[in-house]
**Student:** 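Below you will find the structure I want to go over with you.
Naming: A, B, ... by sequence-line order, numbering from 1 per chain.
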2 protein chains.
Amino acid sequence: MHATHDCVQLVPIFQALADDQLDTIESIVQHRHFQAGETLFNASDDLDSLMIVANGQVKVYQLAANGREQLLYLLQTGDIDGEAALFENRQRTSYGEALVPTDICSIRRQDFQQLMQTYPSISINVLNVFGKRLAQLEKQTTSTATESVEARLANYLTETAASLNTATFKLPLKKKDLATFLGTTPETISRKLSRFEKLGLITQKPGKLIQINDADQLLLTDA
Amino acid sequence: MHATHDCVQLVPIFQALADDQLDTIESIVQHRHFQAGETLFNASDDLDSLMIVANGQVKVYQLAANGREQLLYLLQTGDIDGEAALFENRQRTSYGEALVPTDICSIRRQDFQQLMQTYPSISINVLNVFGKRLAQLEKQTTSTATESVEARLANYLTETAASLNTATFKLPLKKKDLATFLGTTPETISRKLSRFEKLGLITQKPGKLIQINDADQLLLTDA
DNA sequence: CGACACTTTGATATTTATCAATACTTGTGG
DNA sequence: CCACAAGTATTGATAAATATCAAAGTGTCG
C-alpha cells in the first residue's frame with residue numbers, strides 16, 4: 001500500500017498544517033520497522049533525527065551508574081522522541097527499545113530545523129510537547145522521591161484506569177518494566193498487588209488484567 | 001540608578017538580540033523584589049508570566065500527596081521559570097520561594113508570545129532551555145529511583161565541586177533543602193557526610209564548607 | 001512439548017526513616 | 001556587643017519499608 005502521510009498525520013506537532021503541507025513533510029520522512037525487543041537507539045548515540053512512533057510501543061529508559069534501569073517514557077502510537085536534544089544537544093542520553101513490533105518514521109535534524117523555519121507553528125507545538133513532558137517528569141520525580149512504593153503503585157493503577165476510562169484494564173507493561181518505571185522491584189510489585197487484593201481494593205485476573213474496586217480507598221493507601 | 005536592561009541581558013533566551021531590541025523588551029518587563037523566605041508563587045496559581053531571576057536565589061518545589069516536599073530546581077541569577085507552562089498549561093504545578101533577597105523581572109504571557117512572534121530566535125532559545133531542563137530532570141529521576149542515598153549524595157558533591165571548579169566549596173543549600181532535593185532526610189545527610197569524612201573522602205569545615213579529598217573514590221561509593 | 005523468561009512466595013538483610021534529645025548557628029533587640 | 005530565641009544540625013535508639021537471594025510455579029512462543 002502507498003499511504004500518503006501515514007505517520008505525519010498522527011503527530012500533534014504537525015497538527016494545524018494543511019494536507020499538501022503534510023504531504024511535503026511525509027516525503028522527507030524515513031520509514032523503519034523494528035521487531036519486539038529490538039533496540040532503536042542507545043545512550044551516547046548521535047542524535048540526528050526526530051522519531052515518530054507510527055505504530056507500536058517503545059520503552060525509553062536510562063541506566064544508572066550501578067547499572068539499574070529506569071523507565072522514563074512509554075511511547076505509544078503518535079508519540080515522538082528525540083525532540084529534546086534536537087537543538088543544542090547532540091547525543092542521546094537514553095535507550096530506546098521496541099516492546100512490540102513497531103513502525104518508526106524519522107526526520108533528520110536538518111530537515112526538521114528547516115521545517116520549523118517554514119512552518120513556525122511547528123515550534124509552538126514542540127514547545128507544548130516539551131511542556132507536557134516536563135510536567136509529567138516533575139511529577140514522577142516528586143512521587144518517586146517522596147512517596148512509598150505502595151502509594152506510587154496505587155497512583156499508577158488509578159491513573160491508568162482513569163486514562164483508559166475503565167475500571168478493568170490490562171497492565172501495559174511486564175512487571176519487570178513496571179518495576180523500573182516505579183523505581184522498585186518486580187517482587188515488591190507482586191506483593192503489593194496481592195496486598196491490595198487482600199484488602200479488596202482490586203481484583204487480579206489472568207492475563208495481567210486488573211480490576212479496580214475502590215479507587216478512592218486505593219489512593220488513601222499510605223497518604 | 002536607571003539600568004537600561006538589567007535583567008533581560010542576563011538571560012540566555014534573549015541572547016543574540018541587538019541592544020535596542022533588548023531595550024524594547026526591558027520596557028515591558030515588570031520588576032519586583034522578594035525577601036528571603038517570601039513566596040513567589042504557589043501551585044494552582046494562574047500562570048500568567050515568565051519570571052527571570054535578576055538577582056538572588058529561588059527554590060522551586062512540589063508537594064507530594066503525603067505533604068512531603070520535593071525540590072525540583074534551584075534557580076540562580078539569570079535563570080528563568082514559568083516557561084514550561086507559558087503555552088498550553090495555564091496553572092502552576094509547583095511552589096517558588098526566595099531563599100535570599102531576590103529581584104525578579106517578569107514578562108506577561110501575552111507580551112512574551114508577542115515577542116516570540118517578533119523575534120523567532122527566542123523560541124529556539126526557549127526550546128534549548130527546555131531541552132536542558134528535561135535532560136537534567138531525567139537524570140534526577142533516574143538517580144533518585146535507582147541509586148542509594150549515599151551514591152546520590154556523593155554524586156551531588158562531586159558535581160557541585162566540578163561545576164564550581166574547586167575542591168572546596170560551600171553547600172548552596174541548607175541540609176533541610178538539600179534533603180528534599182536528594183529525596184532523603186536531613187538526618188541521613190548528616191550521617192552520610194560523617195561517614196564520608198571518616199573514610200577520608202571529604203573534610204567538613206565550619207560554615208557548610210566541604211572539601212573533597214578523593215572524588216574518584218567518592219563516586220565508587222555504592223556503585 | 002519444551003525451553004526460557006517472567007512471576008510469585010518465602011526467609012532474611014539492609015537501608016533509611018522516624019522519633020527524641022542535645023548541641024550548634026544565626027540573627028535580633030536590648 | 002551580648003544574650004537569647006528560633007531555626008538548624010547532629011547523634012543515638014528503634015522501627016519500618018523494601019531490596020535481595022533463592023526456589024518453585026506459571027506462562028508463552030517457537
**Student:** What string of B, S and - do you get for nucleotides 3-11 of chain D, 5' to 3', if B is base contact, S is sugar-phosphate-only contact and - is no contact with any protein heavy atom under 4.0 Å?
**Tutor:** -----SSSB
**Student:** Among all residues two or more places apart in sequence or in another chain, which pass the salt bridge (Lys or Arg N to Asp or Glu O under 4.0 Å) test with B:Glu187?
**Tutor:** none
**Student:** Are any of A:Thr184's side-chain N or O atoms less than 4.0 Å away from OP1 or OP2 of D:dT18?
**Tutor:** no
**Student:** Quick one: A:Glu197 CD to C:dT9 C1', roughly how many Å, whole number?
**Tutor:**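 One finds 15 Å between C1' of C:dT9 and CD of A:Glu197, rounded.
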**Student:** Side-chain contact, heavy-atom cut-off 4.5 Å: A:Phe181 with A:Leu72?
**Tutor:**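 With C-beta onward as the side chain, the pair stays apart.
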**Student:** Are more than 12 heavy atoms, taken from residues, nucleotides or ligands other than A:Lys208, located less than 6.0 Å from that residue's NZ atom?
**Tutor:** yes
**Student:** Assign the ring pair A:Phe14 / A:Phe112 to parallel, tilted or perpendicular, where the plane angle (0 to 90°) is split at 30° and 60°.
**Tutor:** perpendicular
**Student:** Rounded to the nearest Å, what distance is computed from the CG atom of residue A:Leu99 to the P atom of nucleotide C:dC6?
**Tutor:**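 Result: 11 Å.
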**Student:** When the distance from CD of B:Gln35 to P of C:dT28 is rounded to whole Å, what number comes out?
**Tutor:**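 Distance, rounded to whole Å: 10 Å.
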**Student:** Expressed as a whole number of angstroms, how long is the span from A:Arg195:CZ to C:dT9:P?
**Tutor:** 15 Å
**Student:** In this structure, how many angstroms lie between the P atom of D:dG27 and the CG atom of A:Leu171, rounded?
**Tutor:** 15 Å
**Student:** Going by the side-chain hydrogen bond (donor to acceptor under 3.5 Å, both in side chains) test, which pairs reach into residues 191-203 of chain A, not counting sequence neighbours?
**Tutor:**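 Counting only pairs at least two positions apart or across chains, the side-chain hydrogen bond (donor to acceptor under 3.5 Å, both in side chains) contacts touching residues 191-203 of chain A are A:Glu150-A:Lys192, A:Glu150-A:Arg195, A:Glu197-A:Gln204, A:Thr203-A:Asn213.
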**Student:** Given atom NZ of A:Lys198 and atom P of C:dT8, what is their separation to the nearest angstrom?
**Tutor:** 13 Å
**Student:** What is the distance from CG of B:Leu209 to P of C:dC24, rounded to the nearest Å?
**Tutor:** 18 Å
**Student:** To the nearest Å, how far apart are A:Glu147 CD and C:dA17 C1'?
**Tutor:** 16 Å
**Student:** Taking any heavy-atom pair under 4.0 Å as a contact, classify B:Gly183: base, sugar-phosphate, or nothing.
**Tutor:**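 Result for B:Gly183 = sugar-phosphate.
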**Student:** Looking at A:Arg68, is its backbone amide N or carbonyl O close enough to the side chain of B:Thr146 to form a donor-acceptor pair, meaning the two atoms are under 3.5 Å apart?
**Tutor:** no
